[in-house]
Amino acid sequence: AVRAIAALKINVQTYTHKITAKQAELDQVQHDLRRFKGAEKDGGASAQQIQNANDKVNELKAAIAALLSEKTGVEA
């Protein structure tokens, strides 16, 4: 029983680290997206770059939500 609890704690820590990493990546992509939107007016960024960044934001948000769900399942 003690080993099982220790294993669950490790799993929770692993999910926490994965979520933190995805959140950092999301923050960076959102920062890039803001820069791209500002640069688009001057021709410094293309509509495709903005779309790609938007797609990546949505992908990362979904990944974070899935990891949070999995973490909650382990914690339960």
Side-chain angles (χ1 to χ4, degrees):
V2 173
R3 287 184 188 177
I5 291 171
L8 288 175
K9 285 183 180 181
I10 290 170
N11 283 343
V12 169
Q13 288 175 342
T14 300
Y15 280 114
T16 300
H17 292 305
K18 287 180 180 181
I19 291 165
T20 301
K22 289 290 183 190
Q23 186 62 54
E25 188 178 356
L26 175 60
D27 292 345
Q28 180 61 52
V29 173
Q30 287 175 325
H31 174 76
D32 290 345
L33 180 58
R34 286 190 297 274
R35 286 188 310 113
F36 291 157
K37 285 181 177 180
E40 182 184 28
K41 297 173 187 121
D42 302 330
S46 69
Q48 185 64 50
Q49 285 175 303
I50 292 171
Q51 184 60 51
N52 290 346
N54 269 321
D55 291 345
K56 188 66 175 178
V57 164
N58 292 331
E59 173 190 326
L60 289 167
K61 285 181 178 181
I64 291 168
L67 287 167
L68 285 169
S69 178
E70 291 174 27
K71 180 183 172 193
T72 300
V74 169
E75 291 174 321

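Excluded from the calculations below are hydrogen atoms, water molecules and symmetry mates; all remaining heavy atoms, backbone and side chain alike, are included.
- Identified under the side chain to side chain donor-acceptor pair (under 3.5 Å) test for residues 35-44, with sequence neighbours left out: D32-R35.
- Going from atom OH of Y15 over to atom CG of L67 covers 7.5 Å, rounded to the nearest 0.5 Å.
- Note on I10 and L68: separate hydrophobic clusters, where clusters join Ile, Leu, Val, Met, Phe, Trp and Tyr whose side-chain heavy atoms are under 4.5 Å apart, directly or indirectly.
- The structure places CD of E59 at 4.0 Å from NZ of K56, a figure rounded to the nearest 0.5 Å.
- The salt bridge (charged side-chain N to carboxylate O under 4.0 Å, His left out) test applied to E70 returns no partner, not counting sequence neighbours.
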Could you go through residues 17-26 and list every donor-acceptor pair under 3.5 Å that involves a side-chain atom there, pairing it with any protein atom two or more places apart or in another chain?
from	atom 1	to	atom 2	distance (Å)
T20	OG1	T16	O	2.9
Q23	NE2	D27	OD1	2.9

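- Using a 4.5 Å cut-off on side-chain heavy atoms (C-beta onward), V57 and K61 make contact.
- Scanning all heavy atoms of the two residues, the minimum distance from L33 to A53 falls at CD1-CB, 3.7 Å.
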